[in-house]
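Labels below follow one simple rule: chain letters A, B, ... track the order of the sequence lines, proteins then strands, and each chain is numbered from 1.
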Amino acid sequence: MRYEAVIGLEVHAELLTRSKMFCSCAVVDSTSAAPNTAVCPVCAGMPGVLPVVNRQAVEYALRVALALDCEVAQTSLFARKNYFYPDLPKGYQISQYEYPLAERGRLVVDTISGERTIRIRRVHLEEDTGKLTHVNDGQPRSLVDLNRAGVPLLEIVSEPDMHSLEEVRAYATSLRSILRALGVNSGDMEKGVIRFEANVSIRPEGSAQLGTRVEIKNLNSFRAMERAIAYELERQAAILDQGKEVAQETLGWSESEGRTYSQRSKEEAHDYRYFPEPDLPPLVVDADWLERVAAEMPELPRARQQRFMNNYALAAVDARLLAEEAETAAFYEAAVAAGAAPRLAANYLLGEVFAWMNASGEPFSALRITPSSFAGLIQMLESGQVNQNTAKAVLAEMLRDGREAAEIIAASGLQQVSDADVITALVARVLEENPAEVESYLNGKETLANWFFGQVMRAAAGRANPQILRRELARQLGNLKR
Amino acid sequence: MSANNLHELSLAQALAGLQRGDFSSRELTDACLARIDGLETRVHAFITLTPDLARQQADQADAVRARAKKTGEALPPLLGLPVAVKDVLCTRGVRTTCGSRILENFVPPFNATAVQRALDAGMVLLGKTNNDEFAMGSSTENSAYGPTRNPWDLARVPGGSSGGSAAAVAARMTPAAFGSDTGGSVRQPASYCGISGIKPTYGRVSRYGLVAYGSSLDSVGLFARSAEDLSLVFSQIAGYDERDATTLDLPVPSYDLPQAPDLNGVRIGVPKEYFIAGMQAEVEACVRQAIEQLQALGAQVREISLPHTEYALPVYYLIAPAEASANLARYDGIRYGLSEESETMLELYRRTRGAGFGSEVKRRIMLGTYALSAGYYDAYYGQAQKVRTLIKRDFEQAFEQVDAIACPVAPSTAFKLGEHADDPLAMYLEDVFTLPINLGGVPGLAFPAGFDRQGLPVGMQLLGGHFNEAVLFRIAHAYQMVTDWHTRAPAL
């Protein structure tokens with residue numbers, strides 16, 4: 001039987017605030033900082049401490065809520081989610097439950113078969129847990145690092161509106177680029193700043209009824225998420241094909257084994273005993289605050305793509321690639337503003353520069369070229385001072401050492417020969433030195449025109465402006481015919 | 001007054017004496033420490049004493065005062081006055097047990113905001129006082145460190161949960177002490193011990209550093225021998241704290257008290273629901289008499305109704321344990337406090353918490369966990385919150401008609417140790433007149449209004465509208481200007 005996949009995603013994104021969600025501890029890179037160095041009585045869950053909401057975290061969350069077209073709640077509530085675990089210092093996580101910060105949004109993504117709208121169920125704030133490291137130096141032990149405990153976490157929950165891996169991928173990557181564009185998350189997947197949970201079920205194609213869903217926890221990379229969902233879709237199809245039923249359960253994902261495994265069944269589901277957090281008054285977002293956040297919203301990748309297509313006549317694919325990252329987009333626009341022809345600049349940026357970044361492994365921020373030096377090269381190319389091959393060679397040097405195009409060209413004599421007198425003399429010399437070929441040409445072997453062109457170009461060490469050369473060659477050969 | 005009975009001075013008297021230079025803070029502190037030394041084995045008011053720290057702070061206070069004589073610099077308002085602190089308030093570098101084995105060796109790295117403000121005002125820390133474990137109890141018998149005894153009758157309880165602080169003030173070991181009040185834990189022991197105690201408006205005094213029991217009900221309170229003494233310390237500890245999001249950023253008045261006992265224009269309500277069948281007749285008689293006295297001072301007294309009072313007890317015993325079940329989850333043996341070595345994580349939790357908590361704490365954790373469980377939440381916790389709203393509304397409506405409410409603190413005077421040991425419900429009933437105030441979030445001030453035939457103090461309480469502690473100080477002070485119950489000391 002053919003099945004339709006029904007997939008929803010929960011995305012947990014750490015917010016790039018300076019301090020933690022409920023205390024003034026610094027948010028540090030939990031993959032590199034020495035353990036338990038960014039910890040205070042509050043985030044360590046000492047007796048008597050109280051949480052205080054980080055307003056910056058709320059503003060970041062509001063940015064995301066607005067970017068996802070959510071309805072922002074004027075009043076939302078924090079709640080306690082109770083469970084015991086050594087990485088949870090207070091024995092409860094402060095989260096939002098009944099009354100989240102924002103609800104009912106949407107995200108439009110592009111797929112090969114066109115635009116898809118994924119509805120957002122809710123966006124809410126919570127705090128991250130600490131980290132456990134299990135060691136065995138003769139005696140198995142678990143070590144607790146609370147640097148991450150209390151780091152602001154945004155949970156973005158979609159409706160089960162995705163029906164293919166491609167849609168899941170488009171949704172997840174688009175969400176990541178929005179978070180980056182908003183400046184609220186670094187997008188560094190390998191540092192675990194974005195984590196996924198997927199709800200997956202399948203149903204016979206054409207059926208309106210939802211199948212039994214499973215929840216896959218702790219998916220920490222795009223790859224793990226895609227592999228786990230793909231595995232789960234196949235596993236569920238095989239179960240249904242055998243006439244059996246999918247069990248409702250919570251699954252983990254084993255990256256090494258490439259399969260999901262059961263963590264707990266429906267019956268074993270935790271009772272988190274949520275109740276409103278008495279230590280925090282309701283979170284009130286009044287119209288003024290929301291307006292201020294809205295006014296400070298940066299342009300989102302999708303809107304930028306549209307603008308690039310309209311303003312610079314770029315193809316959709318090129319516009320999307322340039323618009324995706326704020327840094328790239330800013331570089332591109334600065335180059336255009338500095339006089340670079342928009343389409344030529346786009347071609348060179350997406351072609352040569354991206355290829356160089358891929359090869360060198362360096363990020364965009366490490367580029368040694370500036371928008372104005374890049375624009376300088378593009379202008380020389382457009383005006384015919386250099387040809388394509390030269391331009392590429394010069395760009396490679398610019399990327400390597402950061403010098404200006406003009407400087408590289410002057411130093412290496414790579415400047416195109418556009419001086420008509422020089423080219424006139426070269427053409428005359430070539431024709432003079434090859435009387436037999438001139439004779440053949442005049443007798444009707446017109447293809448020799450290309451051979452003469454090559455000879456002149458060689459004499460000019462490849463630097464002759466091809467248009468001027470072609471025109472001058474045609475003129476002198478025409479004179480001989482008469 | 002000779003140096004060896006300086007401990008008999010009230011806070012206001014001691015402050016005046018220090019300011020006049022009659023004696024030093026060191027002499028005053030030594031007198032208190034000597035008094036504690038002499039009585040502690042019988043009263044057991046303290047879990048931890050800090051005599052060295054106290055003397056050091058007192059010497060420093062004296063040095064500051066001596067220097068100010070030359071420089072003319074302004075002095076901290078309570079410079080050199082001793083204070084004791086209930087052991088549920090965190091004190092930097094001084095162990096804070098909460099009366100529990102699970103925190104037997106816990107030394108906080110920070111001061112509770114209220115304590116810090118008292119220290120900033122120049123106060124001298126004598127030690128940490130005994131209490132029911134995690135403030136759960138009404139007799140101070142639930143302390144892992146043994147019970148405190150009532151200075152008026154050592155066979156009786158001082159009340160609770162702040163029994164150590166109340167007993168210490170009553171026994172003249174300290175002129176003032178911190179308590180905490182979640183369901184009556186300041187007012188009831190104040191009443192049992194014949195002293196004055198204030199439970200502030202929720203949000204008036206920072207809870208930062210107060211080890212949480214029922215977070216939406218907890219408040220940091222004070223004990224002293226008079227309303228005037230309370231007002232002196234209260235003005236220093238009250239006010240907004242950026243570390244406690246539930247404090248309100250409202251100005252704190254100076255609480256200047258009038259020179260004459262004049263209550264003209266003050267409207268006082270007497271709630272009929274607070275005089276119930278079965279309460280000790282002498283308690284009712286004393287309270288009624290005190291109310292007549294307030295009337296004689298010019299107050300307009302009328303009967304009012306707080307119709308949802310009878311639901312306060314069940315509502316409290318759902319909300320407080322529910323919050324406690326989460327608040328006490330952090331004592332897991334991993335970061336601090338007791339940790340029972342175990343093979344597995346689950347065993348660590350079970351053994352640590354099994355050994356560390358006493359039976360009343362376990363009972364309330366179980367009650368609260370149950371009230372929050374899936375399938376029971378709506379019927380218990382959810383319903384309790386709705387009824388709490390009705391109780392709050394009772395108070396709001398009452399304070400549209402009156403400036404203050406006068407009523408008894410507890411149905412009877414201090415009971416004997418062990419009297420309610422096997423009957424938690426009887427113990428819970430001791431709080432029937434104090435719990436509604438915490439549910440309403442309004443302030444209450446308890447003060448002595450007489451004695452019963454056995455010579456045990458009878459207390460009454462005044463309640464005010466939100467953030468109107470001033471009216472409580474004013475009325476109680478007027479009463480104490482024309483009565484002397486608050487000046488009587490137990491014979492020890």
Atom [atom1] of residue position [X] - does it have more than 12 heavy atoms of other residues, nucleotides or ligands inside 6.0 Å?
| X | atom1 | answer |
| --- | --- | --- |
| E245(A) | CD | no |
| E255(A) | CD | yes |
| R122(A) | CZ | yes |
| Y274(A) | OH | yes |
| E341(B) | CD | no |
| R350(B) | CZ | no |
| R393(B) | CZ | no |

Give, as side chain, backbone, both or neither, the part of [X] having an atom under 4.5 angstrom from any heavy atom of chain A.
| X | result |
| --- | --- |
| L103(B) | side chain |
| Y213(B) | neither |
| S206(B) | neither |
| Y331(B) | side chain |
| Q385(B) | neither |

Parallel, tilted or perpendicular, as decided by the 30° and 60° cut-offs, for the rings of F84(A) and Y349(B): tilted

Is there a side-chain contact between [X] and [Y] in this structure, where contact means two heavy atoms from C-beta onward sitting under 4.5 Å apart?
| X | Y | result |
| --- | --- | --- |
| C40(A) | F110(B) | no |
| Y92(A) | N327(B) | yes |
| P47(A) | T96(B) | no |
| P109(B) | M46(A) | yes |
| L372(B) | R80(A) | no |

Against chain B, work out which of [options] has the most heavy-atom pairs shorter than 4.5 Å and name it.
| options | value |
| --- | --- |
| P89(A), A44(A), C23(A), S24(A) | P89(A) |
| D279(A), L280(A), V52(A) | D279(A) |
| P281(A), P278(A), P41(A) | P278(A) |

Rounded to the nearest 0.5 Å, how far apart are [atom1] of [X] and [atom2] of [Y]?
| X | Y | atom1 | atom2 | result |
| --- | --- | --- | --- | --- |
| S216(B) | F275(A) | OG | CZ | 8.5 Å |
| L50(A) | T246(B) | CG | OG1 | 6.5 Å |
| S373(B) | D271(A) | OG | CG | 5.5 Å |
| Y85(A) | I334(B) | OH | CD1 | 9.5 Å |

Could you give me the CA-CA distance, side-chain angles and deciding distance for R273(A) and Y377(B), then say whether side-chain contact (heavy atoms from CB on, under 4.5 Å) is met? CA-CA 8 Å; R273(A) 306 189 307 282; Y377(B) 180 95; over 6 Å; no

Using only non-hydrogen atoms and a strict under-4.5 angstrom cutoff, which residues of residues 124-150 of chain A touch chain B? V144(A), L146(A)

For residues [X] and [Y], report the shortest heavy-atom separation together with the two atoms involved.
| X | Y | result |
| --- | --- | --- |
| R330(B) | V49(A) | NH1-CG2, 3.8 Å |
| P86(A) | M345(B) | CD-SD, 3.3 Å |
| P276(A) | Y381(B) | CD-CE2, 4.1 Å |
| P51(A) | A245(B) | O-CB, 4.2 Å |

Residue, of G214(B), G209(B), A322(B), that accumulates the most heavy atom pairs under 4.5 Å with chain A: G209(B)

When you check the side-chain N and O atoms of N36(A) and R335(B), is any donor under 3.5 Å from an acceptor? no

Could you tell me whether a side-chain N or O of N82(A) sits under 3.5 Å from a main-chain N or O of A326(B), the two making a donor and an acceptor? no

